[in-house]
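Since we're looking at a predicted model, the values are computed, not measured. Atom set for the values below is all heavy atoms of this structure, side chains included, hydrogens, waters and symmetry mates excluded. Numbered from 1 within each chain, the chains take letters A, B, ... in sequence-line order.
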Amino acid sequence: MVMLKTVDLGISFGGLNAVNSFNIEVEEGQLYGLIGPNGAGKTTVFNLLTGVYKPTTGRFSLAGEDLTGKSPTEICNHGIARTFQNIRLFKNMSVIDNVKVALHTRMKYPLASSFFRFPNYFSTEKRMNDEALRLLEVFDLDKHKDYNAASLPYGKQRKLEIARAMATNPKLLLLDEPAAGMNPNETAELMETIRFVRGEFNMTILLIEHDMRLVAGICEKLTVLNFGTELASGETTEVLKDPQVITAYLGE
Amino acid sequence: MKKLLKSKSLIFTAVLIIAYILISVLIDQGKFTRSQQAIMLRMCSNIILAMSLNLVVGSLGELSLGHAGFFCAGAYAGGYFAVHAGLPLTVSFIIALIIGGIVGAIFGFFISSSILRLRGDYLAIVTLAYGELIRSFAKIIPALGGTRGLIGVPSLGSRGDQWMYMFAVVIITFVLISNFTRSRHGRAINSIRDNAIAAQSIGININRYKVMTFTISAFFAGMAGVVFAFFKGNVEPADFTYNLSIEALLMVVFGGMGNLVGSIIAAAGITALPEILRDAAEYRLLIYAISLILLMIFTSNPKLVELRKRFVPKTLFASRRKEGVTNGNA
Amino acid sequence: MQVFVNFIMDGLNLGSVYALVALGYTMVYGIAKMLNFAHGDVIMVGGYTIYIVFLQKDMGIAAAVIASVLICSVLGFVIEKLAYRPLRNATPLSVLITAIGVSYLLQNIALLTFTSELKLISSFIKLPTFNVGPVRIEGISVLIWITTLVIMVSLNNFIQKTKTGKAMLAVSEDRGAAQLMGIDVNKTISITFLIGSALAGLASALYIAKYQKIEPYTGSVFGIKAFAAAVFGGIGSIPGAALGGILIGLIEALAIGYLPDSIRPASDGVAFAILIIMLVLKPSGMLGKTKIEKV
C-alpha cells in the first residue's frame with residue numbers, strides 16, 4: 001500500500017520557488033531518505049507535509065486520504081508525526097510529561113475530570129503513564145523520566161523527540177536530520193533505534209539526512225532535492241551512483 | 001500514605017486548612033485589630049486573583065494586563081445579583097460566586113477569541129485595553145450606578161463569618177486550579193508555553209487551549225471580584241484600574257511564575273505589606289517596582305541563570321524537577 | 001460644519017503629538033525588538049522637568065525644552081543600560097515585565113516627589129491664533145505640525161543615509177549577522193534609546209504647550225495610545241508611525257467630540273476601543289511587513 005503520495009507539491013515565498021513540483025511515493029513500512037545540499041528545500045517539504053506551510057501547488061495524501069490544506073493539528077490526528085532539525089522539546093516539562101502530552105489526543109478525559117479528578121482521571125492518567133513509560137523504555141530514556149527535558153544530553157534529547165512523535169501513534173514518521181550534531185557512536189546507536197522502531201511498530205519513515213553513511217546504511221529508497229527540484233529518485237544504491245547527484249554534492 | 005505525603009499540593013492543602021481553622025479561632029477570640037481583619041479578607045480576593053493570573057502567565061506563558069477587567073466584571077455581576085436577589089446570605093453568596101465567575105468567563109472567552117493572532121507584547125497591550133474598556137463600560141451603565149458605583153452589597157456577617165466563607169473559596173480555588181494544572185489539559189497548555197510549533201505538531205489545538213486558559217482564568221478572576229464585592233460592600237469603577245492588574249502580576253512574578261503556592265504566599269505578603277510597613281507605606285510601590293526589576297534581572301539574565309545553576313546544589317534542582325511528575329501520580 | 005472642522009483640527013494636534021511619541025516606540029521596537037513600556041513615563045518625566053525649569057526656576061522656554069530633551073535622553077540611556085541590557089537574550093516575557101517594572105518605578109517616583117495633584121503649566125509656549133477662512137488655527141498647532149514633520153523627515157534621512165542609521169537597520173534585520181559584520185550591537189541599541197528618548201523629551205514640551213498640565217499618570221495612558229499608533233502604522237516604519245499617530249488622533253477627537261453626554265464618562269474607553277480594533281484587525285500594520293516564522 002502507498003502510505004504517502006505527493007503530486008506536484010510546491011510552494012513559493014515571494015516569487016521564489018522553495019519547492020517545485022515535488023513527487024514522491026512512500027510504501028507502507030518503507031524507510032525512505034530525502035537528501036540534498038543545504039537550502040535544497042528538504043525541511044520545507046516537511047513543513048508542507050505537516051501543514052505548517054500551505055502548498056501553493058499540488059496535493060498530498062496519506063494512505064489514500066487527501067490531507068492538502070489541513071491544519072497541523074488535523075494532520076497530526078490523521079497520522080503524520082515529525083521531529084525537528086533544531087530540537088523542539090518542551091523544555092520546562094519533565095521527560096515523561098513530554099511524551100504524555102503527545103498522548104493527549106489518544107487518551108482523553110473531559111475537562112471536568114481535570115478539575116474534579118473523577119475516577120476516569122486516575123484510570124486514564126495511569127494508562128498514559130504506562131504507555132509513556134513503554135515508549136521511554138524503547139528509547140532507553142525511562143531512567144530519566146522525572147528529569148527536565150532540557151537537562152538531557154543532546155543525543156537523548158533527539159531520542160526523546162522521536163519518542164514524543166511516536167506517542168501520537170502515527171502512520172508516517174518524518175525525521176528531520178535526526179543525527180545532526182551527534183558523534184559517530186551516537187549516530188550508530190540512533191541507526192539501531194530507527195531500525196528497531198521501524199521493525200517493532202512497522203513504521204513508515206521519511207528521513208532527511210546529511211550523514212551519507214546513515215542514509216546508505218538504513219534507507220531503501222532515496223529522493224535527492226536540489227534548489228527545490230527533484231534531482232534523482234530510486235533505490236539507494238542506484239541514486240548514490242548517479243553522476244548528477246555526485247556533482248550536486250561534491251561540486252564540479 | 002507515603003505516596004500521599006509526596007504530593008506537595010496535598011500537603012499545602014492541609015496547611016491551608018490548618019491556617020483556615022487557626023485564623024478563624026483567633027478572629028473569634030478577637031486577636032486581630034479591625035484593620036488586620038480587613039486585610040485578611042482583602043487577601044482572600046487577591047490570592048484568588050493571583051492564582052487565576054498564574055494560569056495565563058505561568059502555565060500559558062502569555063502576559064495578561066487585563067485581569068482587573070475580569071475581576072471588575074465578576075464584582076459587578078455578583079454584586080448586582082446579591083443587591084437585588086434578596087436571598088439568604090449563604091445562598092446569595094454561592095450563587096453570586098457562580099454568576100460572577102461565569103460573567104468573567106464570558107468576557108474571557110470573547111476577548112481571548114478575538115486576540116488569537118496576537119502574542120507577547122501585542123497581546124499584553126490589547127488585554128490592558130480590554131480591561132480598561134470593561135471599566136469604562138461599568139461607568140456608563142446606569143443600573144450599575146455609573147461612576148458612583150454599586151452600593152449595598154450585603155455583608156456576610158461578622159469579620160469572622162466573612163473569613164469563613166471567603167477563605168473557603170480560596171481553598172477550593174487552590175484545589176481546582178492545582179488539579180487542573182496537573183491534568184492532560186494543563187500539560188497541553190504548558191506545552192504551548194514551551195514550544196508552540198512542537199505542540200501543534202503533536203496535535204494540540206493552540207487556539208482552543210489559549211481560549212480555554214483565558215476563559216478558566218477569567219472565571220476565577222470573576223470569582224475573586226465577587227469575594228471583593230462582598231467584603232467591601234460596594235463596588236466602584238475606581239477599584240479596577242490597570243494598577244490592579246499590575247499588582248496581580250507582581251504577586252505572580254514574586255511567587256515564581258507557574259508556582260501556584262508561590263502565588264498564594266506572594267499575594268498574602270503583598271496584601272499584608274502596607275500593614276507591616278506602616279511607617280514606610282508610601283515607599284511600598286517604589287519598593288515593589290525596584291524589586292520587580294531586580295527579580296527579573298536575577299532570574300532571567302542568561303549569565304546569572306548559568307551562574308546559579310553552577311552554585312546551587314544539584315539535588316535541589318533534581319527534586320524540583322521531579323515535583324510535577326510525582327504529583328501527577330498521587 | 002464649523003464644529004466638525006474644529007474637531008478635525010483638534011485631532012490633527014493630538015495626532016501630531018501621538019506621531020512624535022510613536023516615532024520613539026517604533027524606533028525602539030523596530031531595532032531593539034522590545035516594547036519599551038516606560039516610554040510614556042519618560043515623557044511624563046520630561047513634563048515635570050519643564051514644570052521645574054520653566055515654572056519653579058523661571059528659566060525660560062528654551063532652557064526648559066533643552067532640559068527636558070537632555071533629561072529624557074539620559075534617562076532613556078540609563079534605563080536601557082541598567083534594566084534592559086542585562087536581559088538582552090532573555091525571554092520576551094521577562095523583558096516585558098521588566099519594562100512594566102520600570103514604568104511603575106518612574107510613576108511612583110513622580111508620585112512621591114510631586115504627589116498625585118495635577119500641576120498646571122498654563123503659560124508655557126504662547127503663540128497667536130489666526131483664522132484661515134472659517135477655520136481657526138492655533139499657533140501652537142502649527143508649531144506641533146512643523147516639529148513633527150521636520151523630525152520625521154530628518155529621522156528618516158538619518159536612518160537611511162548615515163553610518164549609524166544603517167547600523168540600526170542591520171541590527172533590526174538580524175542582530176547576530178550585524179554583530180559578525182563588526183557592528184557594535186549594544187552601542188547601536190544605546191543610541192536608539194538615546195534618540196527615542198530625546199524625541200520623548202521634545203514630545204513632552206509639545207504636550208505641555210498644548211495641554212498645559214501634568215500628573216504622574218499622564219505618560220502611561222498617552223504612551224499606550226501612541227504605541228497603538230505605532231503598531232497601526234506598521235511597527236518599525238517611520239512614515240507609518242506618523243500616519244498611525246495622525247489617524248488615531250483624528251478618530252479619537254471625532255469620537256469624543258460626537259459622543260452623547262450619557263457615555264461621556266467612558267471617553268477614555270474610546271481610545272482603548274480604537275487600540276483593540278487596530279491591533280486585532282491589523283497587527284502587522286498599514287505599512288509594516290509580515291514575517292514568516294522559520295520552523
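- Note that CG of C/L105 is 14.5 Å distant from OH of B/Y288, once rounded to the nearest 0.5 Å.
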(message) Working note: C/Y29 + B/D121, criterion side chain to side chain donor-acceptor pair (under 3.5 Å); need CA distance, chi angles, decisive distance, verdict.
(response) CA-CA 10 Å; C/Y29 203 104; B/D121 301 348; 3.1 Å; yes
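- Of the residues considered (B/T127, B/L285, B/L295, B/V57), B/L285 shows the highest number of contacts with chain C, using heavy-atom pairs under 4.5 Å.
- When C/A83, C/P86, C/A90 are compared by the number of non-hydrogen pairs under 4.5 Å with chain B, C/P86 comes out ahead.
- Using a 4.5 Å cut-off between heavy atoms, B/I246 touches chain C through its side chain atoms alone.
- In terms of heavy-atom pairs under 4.5 Å with chain C, the best-connected choice from B/I290, B/V126, B/I125, B/L128 is B/I125.
- Taking both residues in full, the closest heavy atoms of B/L292 and C/G101 are given as CD2-CA, 3.5 Å, listed atom of the first, atom of the second, then distance.
- Side-chain atoms of B/R117 do not come within 3.5 Å of backbone N or O of C/L279 as any donor-acceptor pair.
- Counting non-hydrogen atoms of other residues, nucleotides and ligands closer than 6.0 Å to CZ of B/F110 gives a total of 12 or fewer.
- Only the side chain of B/L65 comes within less than 4.5 Å of a heavy atom of chain C; its backbone N, CA, C and O stay farther away.
- When side chains are defined from C-beta on, B/N243 counts as touching C/Y217, because their heavy atoms get closer than 4.5 Å.
- In terms of heavy-atom pairs under 4.5 angstrom with chain B, the leader among C/L111, C/V270, C/L87, C/V221 is C/L87.
- Residues B/I293 and C/Y104 are not in side-chain contact: their nearest non-hydrogen atoms beyond the backbone lie 4.5 Å or more apart.
- C/T98 OG1 to B/L294 CG: the interatomic distance, rounded to the nearest 0.5 Å, is 10.0 Å.
- Heavy atoms closer than 4.5 Å to chain B are found in the backbone of C/L281, but not in its side chain.
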(request) Go through the steps for B/I134 and C/F272 under the test side-chain contact (heavy atoms from CB on, under 4.5 Å), then give the verdict. (result) CA-CA 10 Å; B/I134 292 175; C/F272 288 115; over 6 Å; no
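- Other residues, nucleotides and ligands contribute over 12 non-hydrogen atoms within 6.0 Å of the OH atom of C/Y211.
- C/M278 does not touch chain B: none of its heavy atoms, backbone or side chain, sits under 4.5 Å away.
- Contact detail for B/L133 and C/G269: the closest heavy-atom pair is CD1-O, 3.2 Å.
- Note that OG of B/S300 and CG of C/L93 are 8.0 Å apart. Values are rounded to the nearest 0.5 Å.
- Rounding to the nearest 0.5 angstrom, the gap separating the OH atom in B/Y283 from the CG atom in C/N108 is 12.0 Å.
- Atoms CE and CD1, on B/M257 and C/I97 in that order, are 4.0 Å from each other to the nearest 0.5 Å.
- Residues C/L275 and B/A129 come closest through the heavy atom pair CD2-CB, 3.9 Å.
- Residue B/I151 places its CD1 atom among 12 or fewer non-hydrogen atoms of other residues, nucleotides or ligands, all under 6.0 Å distant.
- Here the CE-OH distance, from B/M296 to C/Y84, works out to 12.5 Å after rounding to the nearest 0.5 Å.
- Applying the side-chain contact (heavy atoms from CB on, under 4.5 Å) test between C/I100 and each of B/V253, B/L249, B/L250 identifies B/L249 as the sole match.
- Heavy atoms of B/S114 lying under 4.5 Å from chain C belong to its backbone as well as its side chain.
- Contact annotation for B/L123: neither backbone nor side-chain heavy atoms come within less than 4.5 Å of a heavy atom of chain C.
- Interface remark: B/L118 contributes side-chain atoms only to the contact with chain C (heavy atom separation under 4.5 Å).
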